[in-house]
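Everything numeric here is computed off the predicted structure, so don't read it as measured data. Proteins get letters first, then strands, A, B, ... in listed order; numbering begins at 1 in each. Computed over heavy atoms, backbone and side chain alike; hydrogens, waters and symmetry mates excluded.
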Amino acid sequence: MSGEKSLNFIEEIVEEDIKEGKYANIVTRFPPEPNGYLHIGHAKAICLNFGLTREYPGYTNLRFDDTNPVTEETEYVDSIKADIKWLGFEWKNEHYTSDYFEQLYEFAVRLIRKGLAYVDDSTPEEIAEGKGTPTTPGAASPYRERSVEENLSLFKEMREGKYKDGEKVLRAKIDLTDANMQMRDPLMYRIKHAHHHRTGDEWCIYPMYDFAHGQSDSIENITHSICTLEFVPHRPLYDWFIDKLEIFPSHQYEFARLNLSYTVMSKRKLLQLVNEKIVSGWDDPRMPTISAFRRRGYTPESIRNFCDRVGVQKRENLIDLSLLEFFIREDMNKKALRRMAVLDPVKLVITNYPEGKTEEMETENNPEDPAAGRRTIPFSRELWIEREDFMEDPPKKFFRLGPGRAVRLKSAYIIQCIGFKKDDKGNIAEIHAEYLPQSRSGHDSSGMKVKGTIHWLSIPHAKKAEVRLYDRLFKVEDPANAEGDFKEHINPDSLQIIPNAFIEPSLANSEPDEHFQFIRKGYFYLDKDSTTNNLVFNRTVTLKDTWAKEKNKE
RNA sequence: UGCCCGGUGGUGUAACGGUAGCACAACAGAUUUUGGUUCUGUUUGCCCAAGUUCGAAUCUUGGCCGGGCAACCA
């Protein structure tokens with residue numbers, strides 16, 4: 001295989017189907033339930049489904065699987081559409097399973113007529129008991145042998161609202177002894193006197209997912225119906241419905257869902273984090289949702305590249321968070337404008353620099369992209385530098401400031417530390433240094449070489465901003481499968497707010513959608529909480545930090 | 001204990017009977033006015049056992065291990 005891209009197993013199937021002439025065009029669909037926000041796991045499914053119809057002739061539908069009115073809301077419909085578009089994909093048709101309710105009802109009637117479905121008055125407990133266990137066969141319900149006529153009229157009455165929630169259900173009549181639990185007379189319809197986000201109060205019976213999903217695929221002529229592994233045992237049931245109903249044979253293929261380390265991926269758990277206010281909302285930048293990644297400063301490209309790289313397979317997986325971080329760093333390195341910001345300031349006084357003097361220092365916006373241009377930054381006698389860039393008693397490998405040590409101020413002068421002051425509590429309050437006038441950036445005739453370069457801001461010129469630093473939401477790699485409740489593993493330091501960070505003047509006019517690198521600190525993105533008077537920056541991701549590793553070795 | 005799915009370096013993912021490769025991570029070095037970027041190099045792997053074959057990660061059989069299935073959820 002010389003340089004050819006290797007295909008995943010679904011692409012292989014599609015390619016084979018097209019080659020054999022089974023289909024001239026393929027149709028796929030992305031079928032979210034509007035009961036939560038989309039997460040990075042959905043992104044994988046989106047890239048797969050929409051990606052397939054980019055590579056091969058055909059199209060992809062968006063279908064909202066809205067068969068459970070109790071949990072579904074229009075807010076979720078809107079967020080899902082926005083997220084798919086943001087990721088860069090377009091659907092051909094927008095459908096809702098609820099659009100097929102009448103058709104599905106008719107399908108159910110058809111099965112009753114064939115003697116393949118019956119109304120059951122049993123309680124949920126009785127039905128559960130009647131299903132048996134994986135190792136013991138189930139037993140028939142006493143209502144299993146009702147006549148077609150009786151079933152027809154009872155089902156009609158169910159629809160008409162004659163019964164209360166839970167009083168009756170419609171079940172498929174298959175085989176209570178099947179080794180596959182899904183085939184033991186599964187429920188097709190249940191009664192729910194609930195308001196539906198689209199059909200309102202028109203219906204009081206709703207189809208189960210298992211009776212809606214496959215048929216909806218069939219109605220839309222979906223050729224390759226792609227879903228996750230947990231539905232593998234359901235496939236024989238879908239095939240059974242298709243066979244008995246004699247409708248378009250859509251085929252289901254299953255892949256392993258994406259798991260990401262240090263987070264959770266189930267909508268139920270994410271909803272808990274939102275409802276219990278552990279995070280500020282579905283788009284809290286610590287969440288693994290698409291809207292959270294967007295807010296945090298991730299780009300569609302980075303997420304698509306990530307999804308490409310993780311591949312499509314049937315084995316369980318737990319992807320390293322560092323892989324996702326690699327892709328956003330890769331993208332940001334090309335795009336982000338470099339800026340100076342001091343997050344934890346300490347004052348530096350250049351004692352031999354004239355008081356009141358200001359110089360404009362020129363510097364590049366992005367060393368990786370000359371087209372990004374250059375800008376100037378004001379320099380003066382008193383500067384903010386990062387507290388961690390000074391050590392009173394530094395080790396040999398510390399290439400920053402310490403008594404007697406010299407560093408380059410990025411795009412400005414080389415300075416040498418000549419002393420420092422402490423406050424009452426023993427904290428460093430002020431650092432004193434002298435600069436080398438001949439060492440000005442771009443005009444350096446000092447002949448001096450220094451090992452380190454640090455960032456800085458002129459105190460009289462610096463502006464303030466709020467900066468939010470995020471870390472992984474959980475302390476353990478796989479919180480969902482860790483000992484105890486997943487919430488016990490929340491990382492208490494996942495959010496650090498710096499209300500008064502300093503930023504360079506040019507940053508004061510930041511526009512939304514601009515990505516920045518705060519030099520030596522990481523990539524940052526303007527948060528939606530920003531106002532003209534109070535800019536808020538989210539840290540998208542840190543830079544790789546080999547010094548941090550070096551420090552940890554001790 | 002029934003049925004189904006799956007096991008390739010630390011994590012992902014290739015190989016389609018013919019030299020186990022790629023990415024991330026890790027480690028070492030070079031370059032660097034970001035301890036970033038870039039570049040170079042290194043470590044680490046076919047779940048086990050039999051069989052078929054000149055040759056097996058790949059095919060067969062048996063084991064072992066992991067996951068899923070018994071919601072009026074999807």
Gln182(A) side-chain proximity, nearest of G36(B), G35(B), C69(B) | C69(B)

Paired and unpaired positions of RNA chain B as dot-bracket, Watson-Crick or G-U wobble under 3.5 Å, | denoting a partner strand | .((((((..((((....[..)))).(((((.......)))))....(((((..]....))))))))))).....

Results of side-chain hydrogen bond (donor to acceptor under 3.5 Å, both in side chains) for His251(A) - residues two or more places apart only | none

State whether Lys549(A) places a side-chain N or O below 4.0 Å from either non-bridging phosphate oxygen (OP1 or OP2) of C27(B).
-> yes

Closest to the side chain of Glu33(A), out of A70(B), C4(B), C73(B), is C73(B)

Can you check whether Thr453(A) has a side-chain N or O nearer than 4.0 Å to OP1 or OP2 of U32(B)?
-> no

Looking only at heavy atoms, the pair that brings Gln252(A) and Cys227(A) closest together is CD-SG, 3.3 Å

Using the test side-chain hydrogen bond (donor to acceptor under 3.5 Å, both in side chains), find all partners of Glu20(A) that sit at least two apart in sequence or belong to another chain.
-> none

In residues 204-216 of chain A, which ones come under 4.0 Å of RNA chain B, going by heavy atoms?
-> Met208(A), Tyr209(A)

Taking only heavy atoms on the protein side, list every residue of residues 311-323 of chain A lying under 4.0 Å from any atom of RNA chain B, sorted numerically.
-> Gln313(A), Lys314(A), Arg315(A), Glu316(A), Asn317(A), Leu318(A), Ile319(A), Asp320(A), Ser322(A), Leu323(A)

Does Arg268(A) make a side-chain N or O approach to OP1 or OP2 of A74(B) shorter than 4.0 Å?
-> no

Can Phe399(A) be called stacked on G35(B) when the rule is centres closer than 5.5 Å and an angle between planes below 30°?
-> yes

State which residues pass ring-ring contact (aromatic ring centres under 6.0 Å, His included) with Phe9(A); sequence neighbours excluded, sorted by chain then number.
-> none

